[in-house]
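Below you'll find the structure, written out as structure tokens, and then a few comments.
Predicted model, so just to flag it, every value in this text is computed and none were measured. Numbers for residues simply follow the sequence, beginning at 1.
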Amino acid sequence: MSTLGIFDKTGQLLQKVMDLRQQNQDVIASNIANAQTPGYAPARLQFEDALAGAVGRDGQGMATTHPQHLPVGGGLDQVQGKVMRTPDRSGLGDGNNVNLDQEMIGLAENQILFEAAAQMLNKKMGLLKYAAQDGR
């Protein structure tokens, strides 16, 4: 994250969303790649609740007034995705419960949300460029 101050919280949030969407894309791609692997349990990256919580906490949490103080609550930098696996409990087949149709839908949805965040960040950078060029 920049320390220049020209990137506001929206820009930081969009960067974080893009990072987490990229991680999610990797997790979904791994599920698709292992669709034929016996015993493979598909993974899901969960980060939406932590991200929403961090956005809600920004500016409302406790401030650290000394460099040796421990951060309380955490901000956007502290948000990490959590990989959750759902093992097959049906007892049928080879123990692999990857649903390719569901994975492809998740992949497309994640890609659309990544591109939306990228477009919003691009618009924001365009506005900064416009302002830096005195509106020309």
When you compare the side chains of Gln119 and Glu115, does any donor N or O come within less than 3.5 Å of an acceptor on the partner? no
Distance-only donor-acceptor check, side chains Asp19 and Gln23, under 3.5 Å: no
Could you check Asn96 against Gln36 for side-chain contact (heavy atoms from CB on, under 4.5 Å), going step by step and ending with a plain yes or no? CA-CA 7 Å; Asn96 183 326; Gln36 301 297 322; 5.8 Å; no
Just by modelled atom types, is the Gly106 backbone N or O under 3.5 Å from a matching donor or acceptor in the Asn110 side chain? no
Nearest heavy-atom pair of Ala54 and Val79: which atoms, and what distance? CB-CG2, 3.4 Å
Val17 versus Leu51: any side-chain heavy-atom pair under 4.5 Å? yes
Using every non-hydrogen atom in the two residues, find where Pro87 and Ala41 come nearest and quote the distance to one decimal. CA-CB, 3.7 Å
Answer yes or no: is there a side-chain heavy-atom contact under 4.5 Å between Lys16 and Gln12? no
Output the distance between atom CG (Asn31) and atom CG (Leu45), rounded to the nearest 0.5 Å. 10.5 Å
What pair of heavy atoms forms the shortest contact from Asn97 to Pro42, and how long is it? OD1-CD, 2.6 Å
Minimum heavy-atom separation for Val83 and Ala43, please, with both atom names. CG1-CB, 3.6 Å
Going through the checks in order, is the side-chain contact (heavy atoms from CB on, under 4.5 Å) test met by Met125 and Lys129? CA-CA 6 Å; Met125 294 297 116; Lys129 181 179 175 185; over 6 Å; no
To the nearest 0.5 Å, what is the distance between NZ (Lys82) and CD (Gln46)? 7.5 Å
Ignoring hydrogens, what is the shortest heavy-atom contact between Lys9 and Leu76? Give both atom names and the distance. O-CD1, 4.3 Å
Check side-chain contact (heavy atoms from CB on, under 4.5 Å) between Lys124 and all other residues, then give those that pass, not counting sequence neighbours. Asp8, Thr10
Go through the steps for Tyr40 and Asp94 under the test side-chain contact (heavy atoms from CB on, under 4.5 Å), then give the verdict. CA-CA 9 Å; Tyr40 180 80; Asp94 61 2; over 6 Å; no
For residues Met18 and Ala117, report the shortest heavy-atom separation together with the two atoms involved. CG-CB, 3.7 Å
Test salt bridge (Lys or Arg N to Asp or Glu O under 4.0 Å) on Glu109 and Arg21 and set out the steps. CA-CA 10 Å; Glu109 178 186 11; Arg21 290 280 167 210; over 6 Å; no
Residues sharing Ile28's hydrophobic cluster, by side-chain heavy-atom contacts under 4.5 Å among ILVMFWY, directly or via others? Ile32, Leu100, Met104, Leu107
